[in-house]
Protein chains: 2
Amino acid sequence: MVFQSPILKAPVTSSDRLLLEIQRAIVEGEIAAGSKISEPELARRFNVSRAPLREALARLERCHLIERLPNVGARVVKLSVEGLISLYQLREELEGLACRLAAEHMPEQEIQELQALLEKHLQTQRVRDGESYYQEAGDLDFHYRIILGSKNDYLINILCDELYFLVRMYRVQLGMNGPRVSRAFDEHKAILNAIANRDGELADLLMRRHIGASRHNIELQLQLRETG
Amino acid sequence: MVFQSPILKAPVTSSDRLLLEIQRAIVEGEIAAGSKISEPELARRFNVSRAPLREALARLERCHLIERLPNVGARVVKLSVEGLISLYQLREELEGLACRLAAEHMPEQEIQELQALLEKHLQTQRVRDGESYYQEAGDLDFHYRIILGSKNDYLINILCDELYFLVRMYRVQLGMNGPRVSRAFDEHKAILNAIANRDGELADLLMRRHIGASRHNIELQLQLRETG
DNA sequence: ATAAATCAAAGTGTCGACAATTTGGCTTTC
DNA sequence: GAAAGCCAAATTGTCGACACTTTGATTTAT
């Protein structure tokens, strides 16, 4: 099962399709982190001219998957401990805010749907066994819904459209697995409970801890990889 | 004096120049809020082809100054109370975080330079008299430096490159003036003092209050305009 | 042998033209 | 008279070609 963003609009134009394909390729490491991007080469690979490709590159830059220099070109970003810390600092803050706002604005129905979703996940064999990929999708889905529940368009845009692809890249390429998978599940439930009780402050606090723990987990793996 | 972003890179390419000019035109209302943008017309106006113009439009979308629909085109954003609230909710959170990080990471020298800048502003006649435009630039300059002091690249990018043009648009088009101008000055000093004392929590709190007060001020003017 | 200068190959930025889609007014129909 | 269908004008999306810049390998000079 390939994870599909819940806020995904159907790709109508050619550069929309390009964006999705290249995003996936970068996130999954098919286009290596740190590698240079050649516009002519990519254009040939996807059978398009450079015009829609450059449009897609502009959007890739927006979600921090590539970096561009004028007259020089684009590079896929590198993953680093500092980058991860900066990214998760922001996530803690923004998703904490999202929780507070969701506790205020999320309609009862959306809360109930999300509760049902968690129950469904819990009954999935793969989650109980700690299989990582499914959990990956389930976890992102959970966070997405909370963010959407905040009803703050700028916040939604920044988190879902600009930051989350990079988050996924860190998690996919560093293999988010191990004992945290099942513990994350309980944390999700606690957060959602707080929101259901309209306790924004508690939801905020729990979400910050949840993301902090997640950061710590990936951080360890990154340091292992760098020293090993 | 025209305010110049401290993080501004020299425009090297044609679309860089376009971006700056159109940004200014939109922020100052020369291109009206809510109006449709015609690519052929703008291209003629600036004597360029549509290629660099579209590149610039992509970046304008990134900083929330225009909204685009596939196969339909671009529109300048409208200013609204809800939009302002959403925007300032984010600012409170993000600039609060910036203060905490700045208290931790900002070098002594940068702090001293910023203190000197505040003193210089205080001695400027126009600020004492509450003249708005100079204060406008000075205020933004202050906020920029705190944000840069956070040393978190994602945070810097989101605030300075993506959100601040919209903030300026609200302030320019609604005329940020009145008694808040001089009071803002004292608040700046208090925030900087907290950072100099490496008291991140206090700086965070003061910054949130500062931005909240600023939001309240503009909000009043927006409601007056809408009901009047 | 090292460093500066040179030059061709490759890549990026921009242009004008064409294809595909939307828009708004007109006709037709109920 | 209102709604649906239709057509032409305008606008957006895409293409291939050209100009300018960077790159890095080779040559030249110290």
Side-chain angles (χ1 to χ4, degrees), chain A residues 8-26 30-78 157 161, chain B residues 8-26 30-78 157 161:
Chain A
L8 194 63
K9 297 157 191 74
V12 346
T13 173
S14 180
S15 75
D16 289 346
R17 192 175 42 79
L18 273 176
L19 176 66
L20 292 180
E21 296 205 41
I22 302 178
Q23 264 178 348
R24 187 200 53 74
I26 291 180
E30 194 175 304
I31 302 178
S35 64
K36 172 125 179 45
I37 285 184
S38 161
E39 293 183 7
E41 182 198 326
L42 265 192
R44 276 193 302 275
R45 170 168 167 185
F46 290 108
N47 274 319
V48 291
S49 82
R50 283 174 52 223
L53 174 63
R54 284 171 62 87
E55 195 112 351
L57 290 183
R59 296 204 250 169
L60 284 171
E61 187 181 20
R62 178 171 175 174
C63 51
H64 305 279
L65 291 184
I66 67 172
E67 287 166 352
R68 295 173 100 185
L69 288 177
N71 283 319
V72 173
R75 270 191 181 287
V76 179
V77 296
K78 283 183 192 152
N157 182 255
D161 296 342
Chain B
L8 194 64
K9 296 157 191 77
V12 346
T13 174
S14 180
S15 76
D16 289 346
R17 192 175 42 79
L18 272 176
L19 176 65
L20 292 179
E21 297 205 42
I22 303 178
Q23 263 177 349
R24 187 201 51 73
I26 290 179
E30 195 175 305
I31 302 177
S35 64
K36 171 128 179 43
I37 285 184
S38 160
E39 293 183 8
E41 182 198 325
L42 265 191
R44 276 194 302 275
R45 170 168 166 186
F46 290 108
N47 274 320
V48 291
S49 82
R50 283 174 50 223
L53 175 64
R54 283 171 64 86
E55 195 113 349
L57 290 183
R59 296 203 249 169
L60 285 171
E61 186 181 21
R62 177 171 175 174
C63 52
H64 305 279
L65 291 184
I66 68 172
E67 287 167 352
R68 295 173 98 186
L69 287 178
N71 284 319
V72 173
R75 272 193 178 286
V76 180
V77 296
K78 283 183 192 153
N157 180 256
D161 294 344

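Throughout, a chain's letter reflects where its sequence line sits, starting with A, and its residues are numbered from 1. This is a predicted model, so every value here is computed, not measured.
Remark: Glu67(A) pairs with no residue by the salt bridge (Lys or Arg N to Asp or Glu O under 4.0 Å) rule, at least two apart or across chains. Residues passing the side chain to side chain donor-acceptor pair (under 3.5 Å) test with Glu61(B): none are found, sequence neighbours excluded.
Taking the 5' to 3' direction, DNA chain C first and last meets chain B under 4.0 angstrom from a heavy atom at dG13(C) to dT23(C).
Considering every non-hydrogen atom in both Leu57(A) and Ile66(A), the closest pair reads O-CD1, 3.4 Å.
With rounding to whole Å, Arg44(B) atom CZ is found 8 Å from dT11(D) atom P. Here dT12(D) presents its P atom at 5 Å from CD of Glu39(B), a figure rounded to the nearest Å. Rounded to an integer number of Å, the gap from Arg50(B) CZ to dG13(D) P is 8 Å. A straight line from CD of Glu41(B) to P of dT12(D) spans 10 Å, rounded to a whole angstrom. For the pair Asn71(A) CG and dT23(D) P, the interatomic distance rounds to 9 Å; values are reported in whole Å. The interatomic distance linking Glu55(A) (CD) with dG13(D) (C1') rounds to 8 Å, in whole Å. Computed from coordinates, the Glu61(B) CD to dG13(D) P distance equals 10 Å when rounded to whole Å. Here the C1' atom of nucleotide dT11(D) and the CG atom of Leu69(B) are 14 Å apart, to the nearest Å.
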Can you list the steps and then say if Val48(A) with Arg17(A) is a side chain to side chain contact (heavy atoms under 4.5 Å, CB included)?
CA-CA 11 Å; Val48(A) 291; Arg17(A) 192 175 42 79; 4.0 Å; yes
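Along DNA chain D, the nucleotide nearest to Gly73(B) and the one nearest to Val48(A) differ in position, and the one closer to the 5' end is contacted by Gly73(B). Between Val72(A) and Ser49(A), it is Ser49(A) whose nearest contact on DNA chain D lies nearer the 5' terminus.
Note that OG of Ser14(A) is 11.5 Å distant from CG of Leu19(A), once rounded to the nearest 0.5 Å.
Residue Ile37(B) is classed as a sugar-phosphate contact, given heavy-atom separations below 4.0 Å to backbone atoms only.
The pair Arg62(A)-Asp161(B) fails the salt-bridge criterion, with no side-chain N (NZ, NE, NH1 or NH2) lying under 4.0 Å from an Asp/Glu carboxylate O.
For Lys78(B), the NZ atom counts as loosely surrounded, since its 6.0 Å shell holds 12 or fewer non-hydrogen atoms of other residues, nucleotides or ligands.
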